[in-house]
Amino acid sequence: MIMKMKIMTHFCNCAVFALLSLAACTEIPGDKSKPEWKESASGVWEISVGKPEKLNLLSELGLHPKWDAINAMPKADLPVDRDEIRFEEVDGKTYIRFPLDKGEKIFGLGLNFKTVEQRGRILELHVDHYGGKDNGRTHAPVPFFVSSKGYGAFINSARYIKAYVGTGVRKDTKNPPEVQDRNTDPGWSAQPYSDNLEFLVPAEGVEVVLFAGQDMQDVVRRFNLFNGGGVLPPKWGLGFWHRVPTLFTDRQVQDEIAEFRKRGFPLTVIGLEPGWMSRAYPCTYEWDATRFPEPGKFVNDLLQKHIRTNLWFNPGVSPECEIRDAIEPYTASHTEWNGLIPDYRMPEARRIMLDHFKKHQLDLGVSGYKMDENDGYDNWLWPDVATFPSGTPAEQMRQIYGSLMQRMTTDLYHEKNQRTYGLVRAGNAGTSSFPYVIYNDYYNHRDFITALINSSFIGVLWTPEVRASKTSEEWLRRMQTVCFSPVAMLDAWADGTKPWSFPDVEKQVNEISLLRMRLIPYLYTAFAGYAFEGTPPMRAMNLEPGYAADEQIEKGKLDGTENPYAMAVKREVKDQFMVGENLLVAPLFAGETERKVILPQGRWYDFYTGKLAGEGEVITVSPGLDRIPVYVKDGGIVPLCPPITELDGTKLPLEIRHYGSKPGTFRLYDDDGETYNYEKGEYTYLTITVDVAPDGSKQGKVSVPEGREIWSYNGEYTFRYMTE
Ligand code: GAL
């Protein structure tokens, strides 16, 4: 039975909900429901329909939407008629329908690994370890989509939401697809045009937020700003990370660091895997006295070397953990690998665990965490029948558990006024401002890059971390891409690999890891843009104005065994992305010697040589093994610091590169790199400009607002005009 909801009211900025009533009446075919949307900021509309649950994806996260930044954005109208977004109650659940035009593209809807454009897919959004299929089960199944029409919608429910992205065809559609005869028409399609994007939320009501934008990038920016903006990592987080084998001792870690230094490889963070703990899994969260007899001294020794310590843990509390009895009343009915699972919705659970973390990690100088295995699979994590003492249903807990862990550990560091940056395997909507990057065990290089691209639509960060490789070619290709990602990390927990593990490419790996260090000023500025303006630092080409996707849909041929329903195959571009304002990165994968690169409108220049690469066209490049293709926009400025191997706080000179023939401006962000003082306005922008005279000669200058502190640079600025 289908019933129509009456929408009584909506919610406001501060996310205080009015009490809603869901009045069911018999369906009146063709009757228009008139949801009332409220514009809560420029280009943001919110609605609350039916009886939304109090617990949703954002309710537990203490977020502060950046309304001022949203209102400062260029005005944008909604390109869809809000009345065409329909809400109904179906079988006690909430059915939402968005109109879909022919040719409209839909992006987002979770951290997908194989596809970028979601039209034609059916997803059930469910936090899980990615299992090899884009079916909705993933590490960050964010229920937010961006449409190529220039708007996006966020379905704020912590339930397993089903999404039918242009698959269902309603008989009352105003845009009926052509009826074809499969018997005789070879062009018959198993996917007739559907003008619907349909969601089924297993709850009696839901909040929906719409975001408009002059282009898709603006839509995503509004979504991120609504969630409090993006994270600004500490500067050391943008250096090079190395996670050592799980059973390494303090001595072995020190030796490994010495080897990094000896070989001239950069290192800013050491990650310790489960073996740092006295027991794991399940976890004690306490140091192992044999491998790390003096943990405080160990962490401090590393700090003296300007290396931060990041510690692995997962949710399950060991029977041997010193707070086991204290936490037990606040844990779930089910265990993870014999570990008690704290109910992080309970203040008592948070307090007990945080005191424990403080005592054993924070007070010793540990810089952050890798929070593992809070995603799935269902046979590790709790089943949906589990109960939690806070009364939170297992399904909702699954959808927000990673987000809860992110929030609570972020708060811990925030209280100390010390920024952290770490890794996590689960997140969801609302986590963009938390200092965590998602990773997993899936390890398909190509798909890792697709995930990197997709992360930019949904307000999360992803790293295509490097673990091992079959060949030196694969090793180098993976190293090249990870150095253009949110965390440049080698995760040698199982394989004991080192950056120099493949001697024949040691030099090239060294070069790319040093280039990562050189890019820190540029990357840090990109992250400031994420924090203050919501712009994803690494992002899909589709979010780039002037980019025309070279997508092809190949008509499927009817075949009795291979393709009995003649399904079409979509070929899309999912292997190149933008980094910061000016760089376009086009990775190569093992086995490839050349590739196509789609250059958006305008002229683009080779990052390494400054030579013109092309202009709004598809080019084919064969750069050799040593280099990952990187292109710079016309007029693009890229400030580089020296190829340092550590960040020791010394003020650095800059080599400022300018590309192409247009004048350029770059606002270089700077602050203390470590604390949250920037939230109180303690930051500066250095304005770099390059003027081009009528005779083509270039003149660069750096200006600093008077009286403002410069934390990172020493005033020695050398301009390099890369394009002659
Ligand atoms: C995996 C995780 C790895 C590593 C390992 C340690 O699940 O993804 O990166 O941390 O656990 O046991």
Side-chain angles (χ1 to χ4, degrees), residues 111 113 127-132 137-140 240-249 252-253 256 269-288 291-292 308-318 321 335-339 341 361 366-382 398 401-402 405-406 409 421-427 436-445 447-448 451-452 455 460-469 478-479 482 485-499 501:
L111 189 65
F113 285 73
V127 170
D128 204 349
H129 191 286
Y130 180 71
R137 280 190 176 246
T138 183
H139 307 267
F240 194 86
W241 295 47
H242 181 63
R243 308 199 72 85
V244 296
T246 189
L247 287 178
F248 256 34
T249 63
Q252 286 172 301
V253 176
E256 190 101 319
V269 181
I270 276 284
L272 302 184
E273 290 288 316
W276 72 270
M277 267 190 230
S278 54
R279 290 275 185 282
Y281 325 161
C283 304
T284 57
Y285 315 91
E286 296 154 27
W287 292 82
D288 181 76
R291 287 183 287 275
F292 294 91
R308 270 40 185 209
T309 306
N310 176 284
L311 297 181
W312 175 100
F313 75 77
N314 79 11
V317 181
S318 162
C321 175
T335 55
E336 181 184 28
W337 288 305
N338 293 320
I341 301 170
Q361 291 111 46
V366 168
S367 75
Y369 296 110
K370 165 174 172 177
M371 302 190 295
D372 205 15
E373 289 141 349
N374 39 21
D375 45 359
Y377 297 107
D378 290 3
N379 51 333
W380 304 339
L381 270 191
W382 58 86
R398 180 70 172 270
Y401 202 75
M405 290 176 79
Q406 291 192 43
T409 46
Y421 198 43
L423 298 145
V424 73
R425 278 236 310 244
Y436 286 98
V437 181
I438 303 173
Y439 65 97
N440 74 3
D441 291 339
Y442 174 64
Y443 213 58
N444 177 308
H445 189 195
D447 293 357
F448 268 20
L452 180 61
S455 65
V460 299
L461 299 174
W462 162 261
T463 172
E465 59 161 48
V466 184
R467 297 188 175 194
S469 289
R478 284 183 181 269
M479 280 290 182
V482 84
S485 87
V487 174
M489 183 173 70
L490 171 50
D491 180 7
W493 78 276
D495 304 273
T497 48
K498 304 168 200 312
S501 279

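For ligands, and for the atoms within them, numbers begin at 1 and follow the listed sequence. Residue indices begin at 1 and follow the sequence shown.
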Where does ligand 1 get N/O contacts under 3.5 Å from the protein, atom by atom?
{"from": "ligand 1", "atom 1": "7 (O)", "to": "Asp372", "atom 2": "OD2", "distance (Å)": "3.1"}
{"from": "ligand 1", "atom 1": "7 (O)", "to": "Glu373", "atom 2": "OE2", "distance (Å)": "2.8"}
{"from": "ligand 1", "atom 1": "7 (O)", "to": "Arg425", "atom 2": "NH1", "distance (Å)": "3.0"}
{"from": "ligand 1", "atom 1": "7 (O)", "to": "Asp441", "atom 2": "OD2", "distance (Å)": "3.3"}
{"from": "ligand 1", "atom 1": "8 (O)", "to": "Arg425", "atom 2": "NH1", "distance (Å)": "3.0"}
{"from": "ligand 1", "atom 1": "8 (O)", "to": "Asp441", "atom 2": "OD1", "distance (Å)": "2.5"}
{"from": "ligand 1", "atom 1": "8 (O)", "to": "Arg467", "atom 2": "NH2", "distance (Å)": "3.4"}
{"from": "ligand 1", "atom 1": "9 (O)", "to": "Lys370", "atom 2": "NZ", "distance (Å)": "2.7"}
{"from": "ligand 1", "atom 1": "9 (O)", "to": "Arg467", "atom 2": "NH2", "distance (Å)": "2.9"}
{"from": "ligand 1", "atom 1": "9 (O)", "to": "Asp491", "atom 2": "OD2", "distance (Å)": "3.0"}
{"from": "ligand 1", "atom 1": "10 (O)", "to": "Glu273", "atom 2": "OE1", "distance (Å)": "2.3"}
{"from": "ligand 1", "atom 1": "10 (O)", "to": "Trp312", "atom 2": "NE1", "distance (Å)": "3.3"}
{"from": "ligand 1", "atom 1": "10 (O)", "to": "Lys370", "atom 2": "NZ", "distance (Å)": "2.9"}
{"from": "ligand 1", "atom 1": "11 (O)", "to": "Tyr281", "atom 2": "OH", "distance (Å)": "3.3"}
{"from": "ligand 1", "atom 1": "11 (O)", "to": "Asp372", "atom 2": "OD2", "distance (Å)": "2.9"}
{"from": "ligand 1", "atom 1": "12 (O)", "to": "Tyr281", "atom 2": "OH", "distance (Å)": "2.7"}

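Exactly one of Arg398, His139, His129 qualifies for a side-chain hydrogen bond (donor to acceptor under 3.5 Å, both in side chains) with Asp375. That residue is His139. A ring pair (Phe, Tyr, Trp, His ring centres under 6.0 Å) with Trp312 is found for one member of Tyr369, Trp493, Tyr281 and no other, namely Tyr281.
Under the 30°/60° scheme for interplanar angles, the aromatic rings of Tyr442 and Tyr130 are found to stand perpendicular. In this pair, Trp337 and Trp380 present their aromatic rings tilted. The plane angle is within the 30 to 60° band.
Cation-pi check for Arg137 over Tyr377 is not met; the charged atom does not lie both under 6.0 angstrom from the ring centroid and within 45 degrees of its normal.
When only modelled atom types and interatomic distance are considered, Tyr439 and Asp372 share a side-chain donor-acceptor pair under 3.5 Å.
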